[in-house]
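A quick write-up on the structure given underneath.
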2 protein chains.
Amino acid sequence: MIFSKKCEYAIKALIHLCINSDTDTRLNITEISDSIESPMHFTSKILQELVRHKIVSSSKGLGGGFFLNNQQKNIPILEVIDIIDGKELLSQCGLGLKKCSSKNPCPIHNEFVKYSEQLKQALSTKSISVLSLGVAKGTNFIINQKEEIL
Amino acid sequence: MIFSKKCEYAIKALIHLCINSDTDTRLNITEISDSIESPMHFTSKILQELVRHKIVSSSKGLGGGFFLNNQQKNIPILEVIDIIDGKELLSQCGLGLKKCSSKNPCPIHNEFVKYSEQLKQALSTKSISVLSLGVAKGTNFIINQKEEIL
DNA sequence: ATATAAAAAGACAAAACTGTCTTATTTCTT
DNA sequence: AAGAAATAAGACAGTTTTGTCTTTTTATAT
Ligand code: FES
Ligand code: FES
């Protein structure tokens, strides 16, 4: 598993919020965790962390909840991954050497860097809202689909 | 970190064994863990697991130790990763959906599969001995190099 | 003011991963 | 047969990740 569970839940929650919330439509944590099938309190912690980093907005009290404003919907997903799993995740040596560099490359460096750089590039150009498009249209999914018996 | 520590140590140990052992040159666990800078008993467990899967050979008793025969040196590294971290590792959905498929793709499926297939392909065609070449020549490294003060 | 609904925070618990220590077993040498 | 050197195996411990529960704080509506 390349991303942590925290990170997976974060991305799912953000996509759900992108589609279903805005400045004056807030979602509470029960609704969110039910929708993305994630553990409620754990998800709440993750969203709190994202609020601290200004990736998500929130308001307390009656009628409050979590939401994304238009600016937040355009944040690239890589930024979220960097916050939750650390900037190193996609820059680390595949064999765990302290520093991944072409100067002192490990035996899998070439294959590995090619892969991680490409992935990093792709994730840095996809915003939360771009990833949400397919989900809103029903062509992409953030929860497990029922087995269809054909 | 995409591979587990177990897997990192396994790959390093195999490369070290590929370069320094053969049917009648066996290495004991102290020598191996010192050379690859890994925790000795943990590494021993990992090698035992690889012995059970016939990736590594071992013999007990005086003059015994771990070693690779010529056939084992040609095992693709992906096979090792599959054993230690599970076949799923490089086939899993990046968002943790139970099944990664283009029929019910998650929002990052396209990017994700494109690169993980490439990596899997690359790792399936590199044998332990191929990865060892650079290390034997001194152009690749499996332990951290000292900081050079230039 | 009070009740209520919500996030925020903190303490705790379970599980997985990583690592250590001890004992058993095997094999070789003498 | 005895001793030594090695892997094999199992019990245990620390740490991190994942998840749960409870309390506090804040804002709104009545
Ligand atoms: S040095 Fe190992 S991946 Fe770059
Ligand atoms: S469905 Fe998520 S990566 Fe394929």
Side-chain angles (χ1 to χ4, degrees), chain A residues 1-13 17 21 23-34 36-68 81 83-86 88-89 92 95-96, chain B residues 1-13 17 21 23-34 36-68 81 83-86 88-89 92 95-96:
Chain A
M1 226 170 310
I2 163 152
F3 302 130
S4 67
K5 280 285 164 198
K6 262 178 83 173
C7 197
E8 289 177 8
Y9 296 146
I11 295 172
K12 290 179 182 184
L17 281 166
S21 82
T23 317
D24 36 47
T25 316
R26 290 101 188 257
L27 304 180
N28 69 45
I29 189 60
T30 312
E31 196 280 339
I32 296 171
S33 57
D34 282 358
I36 67 173
E37 296 181 351
S38 67
M40 183 174 84
H41 293 97
F42 193 29
T43 309
S44 150
K45 290 289 181 62
I46 297 166
L47 287 175
Q48 280 165 36
E49 188 171 347
L50 293 176
V51 167
R52 259 177 268 126
H53 284 89
K54 310 227 189 292
I55 306 292
V56 171
S57 307
S58 71
S59 65
K60 286 186 174 186
L62 232 178
F66 296 99
F67 63 100
L68 300 184
I81 295 167
I83 288 170
I84 301 290
D85 280 347
E88 327 78 57
L89 181 71
Q92 263 168 344
L95 285 194
Chain B
M1 225 170 311
I2 164 153
F3 302 131
S4 67
K5 281 284 163 199
K6 263 179 82 172
C7 198
E8 290 178 8
Y9 297 146
I11 295 172
K12 290 179 181 183
L17 282 166
S21 83
T23 318
D24 37 48
T25 316
R26 290 100 190 258
L27 304 181
N28 68 43
I29 188 62
T30 312
E31 197 279 339
I32 296 171
S33 57
D34 282 357
I36 68 172
E37 297 181 350
S38 68
M40 183 173 84
H41 293 97
F42 193 29
T43 309
S44 151
K45 290 289 181 65
I46 297 165
L47 286 174
Q48 280 165 36
E49 188 171 348
L50 293 176
V51 166
R52 260 178 266 125
H53 284 89
K54 309 226 190 293
I55 306 291
V56 171
S57 307
S58 71
S59 64
K60 287 184 173 187
L62 232 177
F66 296 98
F67 63 101
L68 300 186
I81 296 166
I83 288 170
I84 301 291
D85 280 347
E88 326 77 56
L89 182 70
Q92 264 169 344
L95 285 194

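Order of the sequence lines fixes the chain letters, A, B, ..., with proteins taken first and strands second; residue numbering starts at 1 for each chain. All figures in this text were calculated on a predicted structure; none of them were measured in a lab. All heavy atoms count here, side chains included; hydrogens, waters and symmetry mates do not.
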Measure from [atom1] on [X] to [atom2] on [N] and round the result to the nearest Å.
X       : N      : atom1 : atom2 : result
A/Glu31 : C/dA5  : CD    : C1'   : 15 Å
B/Arg26 : C/dT27 : CZ    : P     : 11 Å
B/Glu37 : C/dG19 : CD    : C1'   : 17 Å
A/Glu49 : C/dA7  : CD    : C1'   : 16 Å
A/Ile46 : C/dA9  : CD1   : C1'   : 15 Å
A/Asp34 : C/dA6  : CG    : P     : 13 Å
A/Gln48 : C/dA9  : CD    : C1'   : 7 Å
B/Lys45 : C/dC17 : NZ    : P     : 15 Å

Q | Toward the 5' end of DNA chain D, by each residue's nearest nucleotide, A/Met40 or B/Gly64 | A | B/Gly64

Q: Considering only heavy atoms of chain B and a distance under 4.0 Å, specify the first and last nucleotide of DNA chain D in 5' to 3' order that meet this criterion.
A: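 Nucleotide range in contact with chain B: D/dA5 to D/dA11.
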
Please enumerate all residues that pass side-chain hydrogen bond (donor to acceptor under 3.5 Å, both in side chains) together with [X], with sequence neighbours excluded.
X       : value
A/Ser21 : none
A/Ser59 : A/Arg26
B/Ser33 : none

Checking all strands, does [X] fall into the base, sugar-phosphate, or nothing category for heavy-atom contacts under 4.0 angstrom?
X       : value
A/Ile32 : nothing
A/Ile29 : sugar-phosphate
B/Ser4  : sugar-phosphate

**Q.** Gap separating the CG atom of A/Leu17 from the CG atom of A/Leu68, nearest 0.5 angstrom
**A.**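 Interatomic distance, A/Leu17 CG to A/Leu68 CG, rounded to 0.5 Å: 5.0 Å.
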
Q.
To the closest 0.5 Å, what do you measure between CG (A/Leu95) and NZ (B/Lys5)?
A.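 Result: 10.0 Å between the selected atoms.
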
Q) Can you check whether B/Phe67 reaches B/Asp24 side chain to side chain, under 4.5 Å on heavy atoms? A) no

Q | Interface with DNA chain D, restricted to residues 53-63 of chain A and to heavy atoms under 4.0 Å | A |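 Within this stretch, A/Lys60, A/Gly61, A/Leu62 sit under 4.0 Å of the strand.
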
Q. Reckon B/Tyr9 has a side-chain N or O less than 4.0 Å from the OP1 or OP2 of C/dT18?
A. no

**Q.** Contact summary for A/Ala13 and A/Ile32, nearest pair of heavy atoms
**A.**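 For A/Ala13 and A/Ile32, the tightest heavy-atom pair comes out as CB-CG2, 4.2 Å.
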
Q: Search all heavy atoms of A/Ile81 against all heavy atoms of A/Leu89 and return the closest pair with its distance.
A: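 Looks like CG2-CD2, 4.2 Å.
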
**Q.** Nucleotide nearest B/Lys5 (side chain, heavy atoms from C-beta), chosen from C/dG19, C/dA9, C/dA7
**A.** C/dG19

Solution key, residues 45-54 of chain B side-chain donor-acceptor pairs under 3.5 Å, sequence neighbours excluded:
unit_1  : atom_1 : unit_2  : atom_2 : d
B/Gln48 : NE2    : B/Ser44 : OG     : 3.1
B/Glu49 : OE1    : B/Lys6  : NZ     : 3.2
B/His53 : ND1    : B/Glu49 : O      : 3.1

